[in-house]
Participant: 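Please see the structure below; I have some questions.
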Amino acid sequence: MASPARTDNPPIPSPLPQRDLYSLTELSERGWGGRSTLRGYIADGLLPAVWVGGVKKVRHEDLHAFVKPVEPRRRTLEDAKAEIERIFASMSEDERHQLAVMVGGEAQSN
């Protein structure tokens with residue numbers, strides 16, 4: 001079996017029948033968020049929608065544009081230093097000494 005072709009769009013997070021338009025109820029039932037949350041995204045301009053016979057609908061291609069991969073926050077050296085200092089402050093003298101031996105340095109006292 002051939003693997004599916006790769007696209008630039010991230011995959012949709014829940015299975016939807018391949019159609020052009022989806023109601024907010026349909027999206028909500030499939031885990032895209034509550035109807036009020038989806039309406040909020042639409043009102044804020046984050047998720048485009050169209051009116052069809054008095055019902056708000058979302059186009060399939062707009063769902064692809066809405067789904068974005070989560071990018072991890074890049075940690076800075078300052079972040080790492082602050083975390084190390086926080087951990088170091090909670091350690092006993094013996095633990096500090098063991099850590100200093102592991103990293104090849106001198107243990108400091110508080």
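These values consider heavy atoms only, across backbone and side chains, with no hydrogens, waters or symmetry-generated copies.
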Participant: Calculate, to the nearest 0.5 Å, the distance between atoms CG and NE2 belonging to D20 and H60 respectively.
Facilitator: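 Rounded to the nearest 0.5 Å, the CG-NE2 separation comes out at 8.5 Å.
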Participant: Flag the pair L21 / R59 as yes when at least one side-chain heavy-atom distance between them is below 4.5 Å, and no otherwise.
Facilitator: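 Yes; the side chains approach each other to less than 4.5 Å.
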Participant: Where do L47 and D62 come nearest, in terms of heavy atoms and distance?
Facilitator: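 Residues L47 and D62, closest heavy atoms: CD1-O, 4.1 Å.
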Participant: Mind checking whether T25 and V55 have side chains closer than 4.5 Å, heavy atoms only?
Facilitator: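 Counting from C-beta outward, T25 and V55 never come under 4.5 Å.
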Participant: In Å and rounded to the nearest 0.5 Å, what is the OH to CG distance from Y22 to L38?
Facilitator: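 Here the rounded value is 14.0 Å.
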Participant: Flag the pair R96 and E93 as a salt bridge only when some basic side-chain nitrogen lies within less than 4.0 angstrom of an acidic carboxylate oxygen.
Facilitator: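 Salt bridge: yes.
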Participant: Taking G33's backbone N and O only, do any of them form a donor-acceptor pair with S28's side chain (distance below 3.5 Å, no angle check)?
Facilitator: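 Yes: the side chain of S28 pairs with the backbone of G33.
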Participant: Does the pair I87 and L99 meet the rule for a side chain to side chain contact (heavy atoms under 4.5 Å, CB included), with working shown?
Facilitator: CA-CA 11 Å; I87 293 169; L99 179 60; over 6 Å; no
Participant: Which is it for K56 and V50 under the side chain to side chain contact (heavy atoms under 4.5 Å, CB included) test, yes or no, and what are the steps along the way?
Facilitator: CA-CA 6 Å; K56 283 183 186 173; V50 295; over 6 Å; no
Participant: If I take atom CD from residue E26 and atom OG from residue S23, how far apart are they, to the nearest 0.5 angstrom?
Facilitator: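 These two atoms lie 4.5 Å from each other.
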Participant: Drop me the distance from T37's OG1 to I42's CD1, to the nearest 0.5 angstrom.
Facilitator: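 Rounded to the nearest 0.5 Å, the OG1-CD1 separation comes to 11.0 Å.
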Participant: When rounded to the nearest 0.5 angstrom, what distance separates CG in D79 from CD in E83?
Facilitator: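 The CD atom of E83 is 9.0 Å from CG of D79, to the nearest 0.5 Å.
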Participant: What's the shortest heavy-atom distance between V58 and A49, and which atoms?
Facilitator: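 Minimum heavy-atom separation between V58 and A49: CG2-CB, 4.3 Å.
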Participant: Find the distance between CZ (F88) and CD (E95) and round it off to the nearest 0.5 Å.
Facilitator: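 Reported to 0.5 Å precision, the distance equals 10.5 Å.
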